Amino acid sequence: MCGALSSTKEVTMSASQLRDLVPPARGLRSHYVAAITEESIGQEVTICGWINKVREQGKQLIFLDVRDHTGVIQCVLPHQEGLRTEFVVAIKAEVAQRPDGTENENLASGRVELRNCTVEVLNAAEPLPFPLSDRLEVDESTRLRYRYLDIRRASMQRNLRIRSRVNAAIRRSMDQQGFVEVETPLLWTPTPEGAREFVVPSRLQTGQAYVLPQSPQIAKQLLMVGGIDRYYQIARCLRDEDLRADRQFEFTQLDLEASFVGQEDIMNFISHAMASVVEDVRGINLPEVGEITWRDAMDRFGSDKPERRFTTELIDLSKIFASTSVRALSAPTVKALVAPEPEKLSRSRLDQLIDRAKELGGKGLLWLKVIRNETGLSVESPVAKFFSESEISEVLSATQATEGDIVLIVADEWEQAVKILGQIRLDLGRHLVDGAVLDFFWVVDFPLFEGHDEHGNLLSAHHPFTMPNLEDIELLESDPLSVRSQSYDLVLNGWELGSGSIRIHRRDIQEKIFRVLGISEEDAQDRFGFLLNAFRFGAPPHGGFAFGIDRLTSILAGEDTIREVIAFPKTQSGADLMTGAPKPLPPTTWSQLGLTPRPQSPRSS
RNA sequence: GGACCUGUGGUGCAGCUUGGAGUGCACGCCGGCCUGUCAAGCCGGAGGUCGCGGGUUCAAAUCCCGUCAGGUCCGCCA
């Protein structure tokens, strides 16, 4: 999608705010277009940019719309051959008031025009392969093939400039809060667990490889041992995982870590940065960022990153069906959702929802349509006949559903049930939200562990250095799955912007955690010995956070995918359509690395 | 690894269900006209391997199979 006319985009940056961004002109130009106003009438100016449109009006009159990144202005000149769209020009001219009745209110510069123009063509241009107008939709692969042209479009200009301001606001906030920007290596070593990493074979030591960091996690903890106290970095992270609308191989995080502080302090640091960004980009004061516990988020919204901008919540029916004879509902947890816009749920749409529930790993989904008959409210459903009278009336009272409503029900293990219904809640309601609203909040009290691996060992929910909640430390051996961690996520509009935790700095607790994770001492030494060694020499208590700047920027820009806020993104299959990367390498390059590629990959054959 | 959607002059679409000549619309491009246009207008013109390969058929953009590319999602992403 590249439509730039949605309301969210208009609230992002007004014309007057844009004008504030216009830098002083230098070089060939005396003015940026947005700096030319009615106050400039009578002045001589030189503007530089691209011809946006040529309107020939006969032999004696041509209108040229000239564009720079700040705006478009009309130039009036007598007939002149050889001017075409997207030619690069410098125009020396006089600013004049437009004649009465010819003002254009759709143009910021529409009350003035340039006259007595001297047009210098700095460079010609062939006709473009696609129109640059934001009003016209263009296939994304075409845009990516000619990304340098796509970037000329107003929406990309705006998005990349918003991104720059996001970065600047973050740096300002971090600086104010006493954080030190430290760069960490890109060519590094594998980190424990987590995402698949990109590998860079070593030429000097063939057979060995560096790994590109999925995040600077370990590095920043080492900086705490090094006494940096408050570190941050706008860091590129690389993960060799499948791409999505909100995921690229390489993405950018604000990464920070601080010593001698607790969870609330870290959350305050981040909230300060967010407030700084929102104030800069949206011009509004961010209200205090609220909190919700993980348990609460899952129970009410079926997600650890709830979209709260529409109010439909999951309703617990487990008690009603605790001893039911409806076989599909005999499960530990029974959750219900009163569908928004039930009139849109045709029989076939409901069948799709059942398939969706199965796709999400569930056994299915029941639906009850609430109808009115002689005796009052009742339900219509393929499974209605299995329900007892009292079950139906209890469901109706628990859900407050009325005539015409459709109640969707999922029964399963608690986490499975809420997740499935939570996703369906999103599928049905996501389009109902007000795009201009920013709903920031913290999710806290995550569990320390999530389930077991194939060997029966516990799995870290965050990472193995996450500090348990000290109140729960006794439960580590007896009931580990109920141990809460000192970790926290920041959620914005149903997207997980980022997460963080207080780290373990005490050896005894770390050993205990490794034990329940099934990581032996040798194992630990082998995988992250350098970190454990560092911790032997006086590691301060510390914790940190990281959040995705691509996601934050795309939300602030009102875009649906992070590709819209990345200058040169890759496609879902990891290709760069402009350069053709990834490409085959010449045999000598492989052999220098001590590698032999498999003769033919399915892709290149 | 899997599911679904899309692929038609430079761009965006329609045509596909129900097979019958590359048929249509809008934008752009080229030429002409036009002295106040601004999504300019009017007239004329050029531009196509219907993603690719195979099959069915007298006949395929259309039906079937495969494949490639792009997208959305599941798995994956501590």
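Worth saying up front: this structure is predicted, and the values here are computed from it rather than measured. So that the names make sense, note that chain A is the first sequence line, chain B the second, and so on, each numbered from 1.
- Residue A/His463 places its side chain closer to B/A78 than to any other of B/A78, B/G28, B/C73.
- Rounded to whole Å, the separation between the C1' atoms of B/G24 and B/G71 comes to 27 Å.
- For A/Arg247 against B/C76, a side-chain-to-base donor-acceptor contact under 3.5 Å is present.
- The distance between atom CG of A/Leu132 and atom C1' of B/A39, rounded to the nearest whole Å, is 15 Å.
- Using a 4.0 Å heavy-atom criterion, one finds that A/Thr102 contacts the bases of the nucleic acid, with or without backbone contacts as well.
- Each of A/Trp188, A/Tyr210, A/Phe249 was evaluated against A/Phe198; a single residue qualifies, A/Phe249, per the ring pair (Phe, Tyr, Trp, His ring centres under 6.0 Å) test.
- The CZ atom of A/Arg143 sits 13 Å away from the C1' atom of B/G71 (whole-angstrom rounding).
- Looking at the side chain of A/Ala245, the nearest of the listed nucleotides B/C38, B/C73, B/A78 is B/C73.
- A donor N or O paired with an acceptor N or O is found under 3.5 Å between the base of B/U37 and the side-chain atoms of A/Gln74.
- When distances run from any side-chain atom of A/Asn104 to the nucleotides B/C38, B/C73, B/G28, the shortest one goes to B/C38.
- Taking the C1' atoms as reference points, B/U72 lies 38 Å from B/A21, given to the whole Å.
- In this structure, A/Thr571 reaches the B/G70 phosphate: one of its side-chain N or O atoms is under 4.0 Å from OP1 or OP2.
- The CG atom of A/Asn469 sits 9.5 Å away from atom CG of A/Leu448, with the distance rounded to the nearest 0.5 Å.
- Of the candidate nucleotides B/C76, B/A78, B/U35, B/C76 has the atom nearest to the side chain of A/Asp242.
- The listed nucleotides are B/C77, B/G31, B/C38; the one nearest the side chain of A/Arg84 is B/G31.
- If you check every strand for non-hydrogen atoms under 4.0 Å, A/Glu103 touches a base.
- Under the Watson-Crick and G-U wobble criteria, each requiring two contacts below 3.5 Å, nucleotide B/A26 is paired to B/U11.
- To the nearest angstrom, P of B/U37 lies 15 Å from CG of A/Leu107.
- Rounded to whole Å, the C1' atom of B/G53 lies 41 Å from the corresponding atom of B/G44.
- A/Phe568 and A/Met578 make their closest contact through CD2-CE, 3.4 Å (heavy atoms, listed as atom of the first residue, atom of the second, distance).
- Rounding to whole angstrom units, NZ of residue A/Lys305 and P of B/A78 are separated by 12 Å.
- With a 3.5 Å ceiling on both atom-pair distances, the Watson-Crick or G-U wobble partner of B/C63 is B/G55.
- The same atom, C1', is picked in B/A14 and in B/G9; the two are 15 Å apart, to the nearest Å.
- Residues meeting the side-chain hydrogen bond (donor to acceptor under 3.5 Å, both in side chains) test with A/Glu86, sequence neighbours left out: A/Arg67, A/Arg152.
- Taking the side chain of A/Ser573 as heavy atoms from C-beta on, and the options B/A78, B/G70, B/C74, the nearest nucleotide is B/G70.
- Of the two residues near RNA chain B, A/Leu577 and A/Glu359, the one whose nearest nucleotide lies more 5' is A/Leu577.
- Comparing B/C34 with B/G20, their C1' atoms are spaced 45 Å from each other, to the whole Å.
- Nucleotides of RNA chain B nearest to A/Gly101 and A/Pro127 differ in position, and the one nearer the 5' end is that of A/Pro127.
- When each of B/A39, B/C73, B/U72 is scored by its nearest atom to the side-chain atoms of A/Asn106, the top-ranked nucleotide is B/A39.
- In this view, A/Thr118 and A/Lys92 satisfy the side-chain contact (heavy atoms from CB on, under 4.5 Å) rule, not counting sequence neighbours.
- Checked by distance alone, A/Glu450 brings no side-chain donor or acceptor within 3.5 Å of a matching partner on the base of B/A78.
- A/Arg563 meets the side-chain hydrogen bond (donor to acceptor under 3.5 Å, both in side chains) test with A/Glu140; sequence neighbours excluded.
- Under the rule for a side-chain hydrogen bond (donor to acceptor under 3.5 Å, both in side chains), A/Gln572 has no partner lying at least two apart in sequence or in another chain.
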Residues 77-84 of chain A, side-chain donor-acceptor partners within the protein, below 3.5 Å, at least two apart:
residue	atom	partner	partner atom	Å
A/His79	ND1	A/Glu56	OE2	3.4
A/His79	NE2	A/Glu81	OE2	2.9

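- Counting any heavy atom pair closer than 4.0 Å across all strands shown, A/Arg563 reaches sugar-phosphate atoms only and no base atom.
- Classification of A/Glu250 and A/Lys570 as a salt-bridged pair holds, one side-chain N sitting under 4.0 Å from a carboxylate O.
- In terms of the ring pair (Phe, Tyr, Trp, His ring centres under 6.0 Å) criterion, A/Phe251 has no residue partners (sequence neighbours excluded).
- Here the P atom of nucleotide B/C73 and the CD atom of A/Gln423 are 10 Å apart, to the nearest Å.
- On a pure distance criterion of 3.5 Å, no polar donor-acceptor pair joins the side chain of A/Arg239 and the base of B/C77.
- Across residues 59-68 of chain A, A/Lys59, A/Gln60, A/Leu61, A/Phe63 each have a non-hydrogen atom less than 4.0 Å from an atom of RNA chain B (numbered order).
- Residues passing the side-chain hydrogen bond (donor to acceptor under 3.5 Å, both in side chains) test with A/Lys583, sequence neighbours excluded: none.
- Side-chain atoms of A/Arg55 stay outside donor-acceptor range of the base of B/G41, with no qualifying N/O pair under 3.5 Å.
- On a pure distance criterion of 3.5 Å, a polar donor-acceptor pair joins the side chain of A/Arg98 and the base of B/C38.
- Taking the C1' atoms as reference points, B/C64 lies 34 Å from B/A26, given to the whole Å.
- Residue-to-nucleotide contacts include a donor-acceptor pair under 3.5 Å from the side chain of A/Glu113 to the base of B/G36.
- Of the nucleotides present, B/U6 is the one that pairs with B/A69 by Watson-Crick or G-U wobble criteria, both distances under 3.5 Å.
- Across all strands shown, A/Thr466 has no heavy atoms under 4.0 Å from either base or sugar-phosphate atoms.
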Pull out every protein N or O sitting under 3.5 Å from an N or O of nucleotides 9-13 of chain B, one pair per line with the distance.
residue	atom	partner	partner atom	Å
B/G10	O2'	A/Pro129	O	2.6
B/G12	OP1	A/Asp139	N	2.8

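- The interatomic distance linking A/Phe198 (CZ) with B/C77 (P) rounds to 15 Å, in whole Å.
- Distance, A/His79 NE2 to B/G32 C1': 12 Å, rounded to whole Å.
- The closest side-chain heavy-atom distance from A/Phe547 to A/Leu256 is not below 4.5 Å.
- Using atom C1' as the reference point in both B/C50 and B/U23, the two lie 12 Å apart (nearest Å).
- Between A/Gln214 and B/C77, a side-chain N or O to OP1/OP2 separation shorter than 4.0 Å is absent.
- At a threshold of 4.0 Å, the pair A/Asp150-A/Arg143 counts as salt-bridged, since one of the basic side-chain nitrogens sits closer than that to a carboxylate oxygen.
- Of the P atoms belonging to B/C74 and B/U18, the separation is 33 Å, rounded to the nearest Å.
- The separation between A/Asp134 atom CG and B/A39 atom C1' is 14 Å, rounded to whole Å.
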